[in-house]
Amino acid sequence: MKLLVAVKRVVDFNVKVRVKADQTGVELANVKMSMNPFDEIGVEEAVRLKEAGTVDEIVAVSMGPQQCQETIRTALAMGADRGILVKTDDELQPLAVAKLLKAIVEEEKPDIVILGKQAIDDDSNQTGQMLAGLLGWSQGTFASKLALTDGEAEVTREIDGGLETVKLKLPAVVTTDLRLNEPRYASLPNIMKAKKKTIDEKSPADYGVDTAPRLKTLKVEEPPKRSAGIKVADAAELVSKLREEGVI
Ligand code: AMP
């Protein structure tokens, strides 16, 4: 069984994101970038499936500038077998990523594609669903458990009221939620080994995909600053303050 996993390079989750002075986006210059945390979970799941003998080959795909190669190398060091970098300096919105992934899926013919449920930079939560729609494949989103058996995937999904378990016919698209697993750290020997693994470099034009943005960002703003709180002596004072403020 062949598995494709999408890995996006995003601002590291520990970084305090700053809005650019001209409000066109967030500051990326000299900012630490890492693999999207949900994609690390995707790679971990793929590697566990390989270790269990269910999956034979893991292909890690990333799209964006040249530095996305580092993100693919991280996936290779965690245990992916080879990588595909679709190199572009243009902005890629979820629809463009989904179209490119569809083209790669048609070439690579994986049995399952794993993506993160969302990228922590744009928080779109769209790419996996769009990819499944474009391919006409089943989808299991927000997976907190994944089991593959003869031609089927059983996905336990995190939904508002609790957990939902769905059975999908393969090939299928699965997106990862936080509780699916805890990603491993790559060991030094595996980081060294990953340097020898192949990464194919492609461009959107190689796949004949039009990546022109369909959405326009009007402006990006910091959230409003919270005003300072006050201390109250007891519950009675709390209630009277809440009444004064019109909260209750
Ligand atoms: P989004 O729909 O933007 O929130 O992204 C959801 C998931 O799609 C991410 O967790 C990745 O697995 C995948 N994805 C989105 N953009 C890219 C990209 N540029 N390169 C690789 N994977 C991506």
Side-chain angles (χ1 to χ4, degrees), residues 3-13 17 25-26 28 33-47 58-76 78 80 82-105 108 110 112-135 137 139-144 146 155 157-158 172-181 183 199-204 206-207 209-215 217 220:
L3 188 153
L4 204 90
V5 62
V7 292
K8 186 176 186 187
R9 178 175 180 266
V10 297
V11 173
D12 187 89
F13 74 99
V17 171
V26 299
L28 294 180
M33 306 289 283
S34 303
M35 187 189 296
N36 182 42
F38 292 104
D39 299 346
E40 282 186 348
I41 295 172
V43 177
E44 176 65 35
E45 197 62 18
V47 174
I58 305 169
V59 184
V61 181
S62 192
M63 299 167 192
Q66 181 63 42
Q67 296 93 316
C68 293
Q69 207 177 44
E70 292 158 22
T71 316
I72 298 177
R73 284 279 169 227
T74 306
L76 298 178
M78 286 173 74
R82 61 187 172 89
I84 301 174
L85 165 66
V86 183
K87 204 173 112 183
T88 175
D89 289 323
D90 295 340
E91 180 197 353
L92 285 180
Q93 293 181 349
L95 182 61
V97 176
K99 285 181 181 171
L100 286 166
L101 283 172
K102 176 179 185 262
I104 295 173
V105 163
E108 293 285 339
I112 182 163
V113 183
I114 300 186
L115 302 91
K117 76 164 178 184
Q118 74 197 66
I120 62 162
D121 50 2
D122 57 22
D123 275 341
S124 294
N125 177 6
Q126 293 172 2
T127 311
Q129 295 88 329
M130 285 176 168
L131 175 64
L134 290 173
L135 288 166
W137 285 13
Q139 57 180 296
T141 51
F142 314 131
S144 63
L146 171 64
V155 178
R157 312 182 54 231
E158 302 215 1
V173 173
V174 170
T175 73
T176 61
D177 213 327
L178 212 55
R179 275 165 282 270
L180 183 59
N181 61 49
I199 300 180
D200 284 333
E201 213 175 284
K202 302 276 191 181
S203 74
D206 291 335
Y207 296 107
V209 170
D210 164 22
T211 58
R214 301 294 201 272
L215 306 170
T217 302
V220 177

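Note that this is a predicted model, so its numbers are computed, not measured. For ligands, and for the atoms within them, numbers begin at 1 and follow the listed sequence.
Of the protein's non-hydrogen atoms, Val97 CG1, 4.0 Å is the one closest to atom 14 (N) of ligand 1. If you check which protein heavy atom lies closest to atom 10 (O) of ligand 1, you get Asp39 OD1, 2.6 Å.
Take Ser144 and apply the side chain to side chain donor-acceptor pair (under 3.5 Å) test, not counting sequence neighbours, and it matches no residue. Listed by chain and residue number, Gln118 satisfy the side chain to side chain donor-acceptor pair (under 3.5 Å) test with Asp123 (two or more places apart in sequence, or in another chain).
Residue contacts with ligand 1 for Thr127 involve both N, CA, C or O and side-chain atoms from C-beta outward (heavy atoms, distance under 4.0 Å). With a 4.0 Å heavy-atom cut-off, ligand 1 is reached by the backbone of Asn125 but not by any atom from C-beta on. At a heavy-atom cutoff of 4.0 Å, ligand 1 is contacted by the backbone of Val7 but not by its side chain.
The backbone N or O of Ala80 sits nowhere less than 3.5 Å from a side-chain atom of Arg82 that would complete a donor-acceptor pair. Judged by distance alone, the side chain of Thr88 and the main-chain N or O of Gly64 form no donor-acceptor pair under 3.5 Å. Proximity of a side-chain donor or acceptor of Arg157 to a complementary backbone N or O of Phe142 within less than 3.5 Å is not detected.
The shortest N/O to N/O separation between Ala119 and ligand 1 falls below 3.5 Å. For ligand 1, the polar-atom distance check finds no N/O of Val61 at less than 3.5 Å from any of the ligand's N/O atoms.
Every atom of ligand 1 is numbered from 1 in the order shown, and the set under 4.0 Å from a heavy atom of Asn36 is 9 (C), 10 (O). Less than 4.0 angstrom separates some heavy atom of Ser124 from each of these atoms of ligand 1: 1 (P), 2 (O), 3 (O), 4 (O).
Nearest heavy atoms, Cys68 versus Leu85: CB-CD1, 3.6 Å.
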